[in-house]
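First the structure, in the form of structure tokens, and then the observations on it.
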Amino acid sequence: MAKFILRRFLTSFLALIASTVVVFIISRGISDPAVLLLPQEGYGMDPVEFEKLKDELHLNDTVPVQYWFWVSGIAQGDWGIDFATRQPIAPKLKEKWWPTAQLALSAFIVATVIGIPLGILSAVKRGTYMDLGGRSFAMLGQSLPTFWLGIVGIFIFSVSLGWLPSGTMQEGGFFLNKNLVMPTIVLAWLPMAGYLRLVRSAMLEVLDSEYIKLARAKGVSRQSVIWKHGFRNAILAPLTFAGVLLAGLITGSVAVETIFAWPGIARWAVEAVFSNNLTVLGAVTLVFTFAFIAANFVVDILYAFVDPRLRLT
Amino acid sequence: MINRGSETDPRDKMTSQPEPPRGILARSGRYLTEKLGRTNELDGNSAEALVARRIALTVGEGEELGPIARTLRFTRRWPVLSSIILVFMVTMAIFAPLITSNHPEKSNLIHRNYPPMFQDAAEDAEQIAKGRPEANYLMGTDQLGRDLWSRLAYGARVSLTVAAISLISGILIGTAMGLVAGWYGGLVDEFITRFVDVWLGLPFILVALVIAVVLGTSLLTVFILLALLAWTPFVRQVRAEVLSLKNREYVLSAKVAGSSTTRILLRHLLPGVMNTIIVIATFRIGQLILVEAFLSFLGAGIPPPTPAWGGMISDGRGYLRDAWWISMFPGAAIFLTVASMSFFGDWLRDRLDPKLRQVD
């Protein structure tokens with residue numbers, strides 16, 4: 001087991017390094033950031049000052065040297081300087097990551113708590129109207145654009161009915177907070193649909209197997225067949241999905257934070273687009289990548305705990 | 001086979017055999033009806049399947065079914081509704097200039113935020129009371145007084161074309177990489193699969209925003225971005241298929257016969273993975289439409305005066321209270337297209353490649 005964890009850790013670390021290279025190449029390698037910083041040269045800026053600024057941001061060095069400065073800085077907790085405000089990124093990142101994490105966490109909980117039971121129900125009641133309802137619900141989640149769903153939600157529940165606030169976070173409030181309700185539901189719908197479909201197909205496969213038939217023939221009660229024999233085997237596949245789900249949550253949080261004016265890092269990144277603020281965009285991209293890799297690492301370890309067969313590979 | 005009783009002649013019997021149709025159209029037609037039209041509803045223990053089996057037993061091949069039952073069976077066997085919606089969207093895109101009367105980018109400020117035609121008469125009276133000349137806009141107008149229906153139709157053109165072209169480039173890149181990775185194996189395979197893993201680990205939407213900032217927003221940037229999103233599943237699936245196909249007898253004998261690697265890949269392996277590619281493509285195009293809409297919504301996609309569904313939703317964001325229609329119609333169009341695509345994809349997968357069920 002220790003060997004397995006070590007190997008997984010190494011591959012995760014390599015993936016981390018590779019992702020920093022890719023993010024760096026995309027954000028700095030394709031074109032000169034200094035050009036983006038000052039679209040028109042000589043825009044009231046002294047050429048000497050301009051050179052000084054470029055020096056300050058390490059833009060005069062070769063690309064590998066720039067990469068080294070960037071990565072070693074991040075390793076030491078220095079995320080660089082925000083191009084637009086000339087302020088260091090790290091403190092703002094520290095302040096903004098929690099709202100995003102809070103939103104993602106509550107969406108994750110909602111998706112798991114609702115998606116998995118619905119998937120089981122859909123599989124057990126296969127072919128009935130309940131199954132049809134569950135599948136339609138999943139289909140809606142997968143084809144409704146998240147950002148449009150947010151707008152429709154605001155239109156119905158905030159503008160027309162006035163039940164829920166249309167956005168922003170409440171000061172200091174954590175869970176069970178009125179402001180969190182709509183963003184969470186909008187964000188959770190897509191992963192919920194994914195869970196539902198996966199659990200349903202895994203459960204159907206398990207329920208069709210020989211040992212379930214044997215258990216039924218032995219006279220094991222229906223509840224026991226579903227939960228003890230079926231569910232415990234069917235839950236393995238959806239567990240690996242948790243990693244993929246996080247990727248969906250990240251994309252979704254960009255949409256949801258933009259619509260609901262949520263003070264998290266995803267909205268910060270979207271705002272950075274309008275000021276061509278590449279350093280902020282790169283930093284946020286990297287934070288999300290770290291989160292994704294870390295979550296996948298944890299899920300893999302968990303998976304190996306649950307299913308001993310996987311420790312060998 | 002028709003049995004005409006005693007007067008049958010052996011030669012007659014031979015000619016009454018259905019001749020295999022000639023020509024690419026006739027053959028693909030036969031392929032479609034035979035392979036795709038077969039019913040898969042009969043496996044499993046659902047009530048539906050039981051009833052279908054009972055009907056099949058009592059009525060034989062189903063020739064004597066009534067018109068309603070036949071229609072029902074037809075809709076279950078073929079994706080009728082989703083095909084209708086998709087055909088509608090494509091027709092709308094192709095014939096956009098014919099079915100709209102206003103230019104999609106022409107603004108008419110006196111009619112800004114004008115309600116859709118189907119609103120009641122009181123609404124019209126209210127508009128006239130505000131001193132605005134009465135007008136007939138099928139879906140109303142947006143915040144600049146542009147005809148929403150025109151924008152929707154022309155937007156279908158833009159959105160569908162962008163999705164289709166980037167999908168095709170994604171298929172080409174992904175399939176080529178998958179073929180190479182599966183065929184050569186070893187270090188090449190390792191590198192390509194690892195690269196795909198790293199790529200999938202990046203938050204795509206943010207990477208897309210970075211690239212949009214670096215390259216500047218234009219139609220070309222959107223193509224590049226969506227192609228960058230489209231290729232990954234093709235690599236994985238094609239690689240897996242090639243791995244299972246490359247040691248088959250027919251591939252080995254092609255090798256022995258002296259075929260070049262290119263020939264084996266393109267003539268012997270590619271047809272074998274074609275079904276998989278088609279199925280993944282139908283799933284992927286829905287996602288591409290969604291992502292394109294989202295990028296346009298964020299302002300990193302198709303640049304503003306050009307109508308695009310995502311951008312139209314974004315236009316209406318500030319006017320939800322006064323003009324809900326600006327955001328609602330394009331959103332509904334996206335939803336309908338993507339949902340039909342996914343239904344169509346489900347159906348196609350069940351018919352062509354049932355083992356792909358776990359994909360996505």
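All heavy atoms count here, side chains included; hydrogens, waters and symmetry mates do not. Chain identifiers are assigned alphabetically (A, B, ...) following the order of the sequence lines, protein sequences preceding nucleic acid strands; residue numbering begins at 1 within each chain. This is a predicted model, so every value here is computed, not measured.
Counting only distance, with no hydrogens or angles, the side chain of B:Trp309 and the backbone of B:Leu152 share a donor-acceptor pair below 3.5 Å. For the pair B:Thr221 (side chain) and B:Thr217 (backbone), a donor-acceptor distance under 3.5 Å is absent.
At a 4.5 Å heavy-atom cutoff, the contact between B:Phe294 and chain A is made by backbone and side-chain atoms alike. The contact between B:Ser342 and chain A is made entirely by side chain atoms (from C-beta outward), counting heavy-atom distances below 4.5 Å. Both the backbone and the side chain of A:Ile151 come within contact range of chain B, judged by heavy atoms closer than 4.5 Å. Only the side chain of B:Phe343 has a heavy atom closer than 4.5 Å to any heavy atom of chain A. Neither the backbone nor the side chain of B:Met341 comes within less than 4.5 Å of any heavy atom of chain A. Only the side chain of A:Val22 has a heavy atom closer than 4.5 Å to any heavy atom of chain B. Contact annotation for B:Ile289: neither backbone nor side-chain heavy atoms come within less than 4.5 Å of a heavy atom of chain A. Of the atoms belonging to A:Phe147, it is side-chain heavy atoms, and not backbone ones, that fall under 4.5 Å from chain B. Contacts of B:Val198 with chain A are made by side-chain atoms alone, with heavy-atom separations under 4.5 Å and no backbone atom involved.
With chain B as partner, the option from A:Ala255, A:Gly282, A:Ala15, A:Ala291 having the largest number of non-hydrogen pairs under 4.5 angstrom is A:Ala255. Ranked by heavy-atom pairs under 4.5 Å with chain B, the first of A:Ser143, A:Ala18, A:Ser19 is A:Ser143.
A donor and an acceptor atom, one from each side chain of B:Glu292 and B:Ser159, are located under 3.5 Å apart.
Among all heavy-atom pairs drawn from B:Leu206 and A:Ala269, the shortest one is CD2-CB, 3.6 Å.
A salt bridge is absent between A:Arg7 and A:Asp300: the closest approach of a Lys/Arg side-chain nitrogen to an acidic carboxylate oxygen does not fall below 4.0 angstrom. Look at B:Arg236 and B:Asp197 and you find a salt bridge, because one of the NZ, NE, NH1 or NH2 atoms lies within 4.0 Å of a carboxylate O, short of that distance.
The line from CD1 of A:Ile212 to CD of A:Glu205 is 12.0 Å long, rounded to the nearest 0.5 Å.
A distance of 6.0 Å or more separates the ring centres of B:Phe234 and B:Trp231.
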